[in-house]
Amino acid sequence: MPDLLAWFTDHESALSGIAALIAIVAAIVVILSPLGAGVRGLLSRSKKTDAVSVDAQTTDASTPPTKDFVDTPPPLITDKPSIAVLPFVNMSDDKSQEYFADGMTEDIITGLSCDSRLFVIARNSTFVYKGKAVDVRTVGKELGVRYVLEGSIRPVADRLRITVQLIETETGTHIWADKIDRPTAELFDIMDEVVDNLVTALCANLGVAESQHAQRQRPEDLQAWALCVQSEVLYFTQPGGKSVSEAEALARRASEIEPGFALSWALLAYLTSVRVAFGLSTDLAKDSSETLALVGKALRLASNDPTVLGYCGYAAIWVGQAGQAIDYLERSLAINPNNSNAQISYGAALWAAGKPEAGAKQLEYFIGRAPKDPFLPLAYVDLSLSYLIMGDFVQAEQAARNVIKHAPGFTWGFLTLAMSLTALGHDAEAQVQIRQINEIEPDFTRQNAEDFWNRVLLKPGQAETQIALLQQTWRD
């Protein structure tokens, strides 16, 4: 294939028209909104909710921070994860690629700004570092942020290589890094996909980094936000009976510290519903009622917060309200399409509402674009459940094995694997999985699983089909 410069030459006439349009839109953006999102982002993401990142100070974009500013830095933003996205570096000799690197930087800023859990420094503060060799620790002090994202774009033969790394500014520690290789010929087609993938992975890894940061703090420093982050990562990365109890205790403590913090109540609703869903409840009626009460309380406090909507949507699934869950989750994803938990929960809501094909498609899309996401176990268990309902037991088995690979203590990974194996005629191996369940969760019974199917599946006949397979698999 031709190299990148030759590709641009071959498409010069088409690109000149695009460049003229971009120049016009750029001029309008500069006039109307100095803090606006990237030009290409405005063109390609018009279907998404607009979001403007918040600037940490009023530094003029044309004037680099002075020594006085370094000597008197802004206070570190501590109430939520704070991040600055530095201008991506164009590693090519072809300077026509410069706008591509800048456009990607601005789109990442826009995508991160959709997440209300993050504090994102606006482009006019980060672009003062463009073309400069900087120490991320200095950037952290100058901008008052805990994390910096760096990236570069380099053509290699007929491919384009994009590298990114997330760094904690206090210590200079690398938190996460990734490398993406794509054919140069797909340059414009893949730009949105690349940015979305990066933002999804970045948001998830920021959550893990924040949990680790909170664990380094003294107990008296742990406020509501940090407790919720710890709770999230504890359960999402290793779901199971023990972790849900510990995560619930952290979220409950957060709600006591700050009763007006909607996220803590929404997270409590999520975790209470997990007890209902996966057979951990000793009183289904009481816990279901409490889940609905917590959902109502969270939404009264923050009815348009995408994270709150996402947790409430997930909770609604397991108390038999998949239709309402879909509404919450679609509203959440319209505001912030990069929320891992809401994406996974949406797939679950779809299969619970009698649309397992659509649920599987949603979950496969998520897994494909975020194969390193820390929350993969939940995505895989819902994918396995989707395939069980569809009757595709080969795919259900494969997804279940991935659950166990990523979360070996998650009971439902072994149960979906056992049911898949029974359906495929591998009864002896299925019984091995049932014995594993008895060892991991001795209090979990077949009746718990039957209650799950009866409560969650809304389409007539589906619960009966799954219970029949369950009874064939799990014999008393």
Side-chain angles (χ1 to χ4, degrees), residues 35 53-61 63-89 101-102 104-152 162-179 198-218 221-223 225-226 228-230 232-233 338 372 374:
L35 297 181
S53 56
V54 183
D55 202 351
Q57 57 276 319
T58 58
T59 305
D60 187 337
T63 306
T66 64
K67 188 174 188 301
D68 289 338
F69 182 73
V70 176
D71 292 341
T72 311
L76 180 66
I77 301 156
T78 57
D79 62 332
K80 57 177 66 177
S82 50
I83 181 169
V85 182
L86 296 183
F88 273 46
V89 178
D102 290 348
M104 175 162 284
T105 306
E106 294 181 9
D107 262 18
I108 290 173
I109 291 172
T110 301
L112 291 174
S113 298
C114 290
D115 195 323
S116 61
R117 298 171 296 177
L118 306 178
F119 185 101
V120 186
I121 298 299
R123 72 172 302 281
N124 69 327
S125 288
T126 58
F127 268 68
V128 300
Y129 299 100
K130 183 176 173 62
K132 299 178 175 64
V134 296
D135 185 320
V136 294
R137 282 171 284 201
T138 301
V139 173
K141 291 177 182 177
E142 291 177 348
L143 298 181
V145 294
R146 186 174 293 156
Y147 304 100
V148 163
L149 182 73
E150 294 183 322
S152 65
I162 301 166
T163 60
V164 290
Q165 52 185 352
L166 178 67
I167 305 169
E168 186 179 44
T169 60
E170 182 181 358
T171 62
T173 303
H174 284 70
I175 302 297
W176 169 77
D178 203 1
K179 179 174 66 178
L198 286 175
V199 171
T200 297
L202 181 56
C203 286
N205 282 279
L206 268 172
V208 175
E210 278 295 290
S211 175
Q212 295 168 346
H213 178 84
Q215 289 169 350
R216 295 199 301 268
Q217 294 176 285
R218 298 188 305 275
D221 292 336
L222 293 177
Q223 295 304 306
W225 174 266
C228 284
V229 171
Q230 284 188 300
E232 291 170 333
V233 175
N338 305 303
K372 300 177 184 178

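Small disclaimer: the values here were computed from a predicted structure and weren't measured. Sequence positions, counted from 1, serve as the residue numbers for this chain.
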Review point. Of Gln165, Glu150, Glu168, which meets side chain to side chain donor-acceptor pair (under 3.5 Å) against His174?
Key: Gln165
For [X] against [Y], the heavy-atom pair lying closest together:
X	Y	value
Val136	Thr169	O-CG2, 3.5 Å
Ala84	Thr126	CB-CG2, 3.9 Å
Phe88	Ser152	CD2-N, 3.9 Å
Ser82	Arg146	OG-N, 3.0 Å
Leu86	Thr105	O-CG2, 3.6 Å

Review point. Would Tyr129 and Val148 count as a side-chain contact (heavy atoms from CB on, under 4.5 Å) if you check the C-alpha gap in whole Å, the side-chain angles of each, and the deciding distance to 0.1 Å?
Key: CA-CA 12 Å; Tyr129 299 100; Val148 163; over 6 Å; no
Review point. When you look at Ile83 and Val120, which way does the side-chain contact (heavy atoms from CB on, under 4.5 Å) test go after all the steps?
Key: CA-CA 5 Å; Ile83 181 169; Val120 186; 4.2 Å; yes
**Study point:** Gap between atom CD of Glu142 and atom CD1 of Ile121 - 0.5 Å precision
**Key:** 12.0 Å
Practice item. Could you tell me the separation between the CD1 atom of Ile162 and the CG atom of Asp178, rounded to the nearest 0.5 Å? Key: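 If I round to the nearest 0.5 Å, the distance is 10.0 Å.
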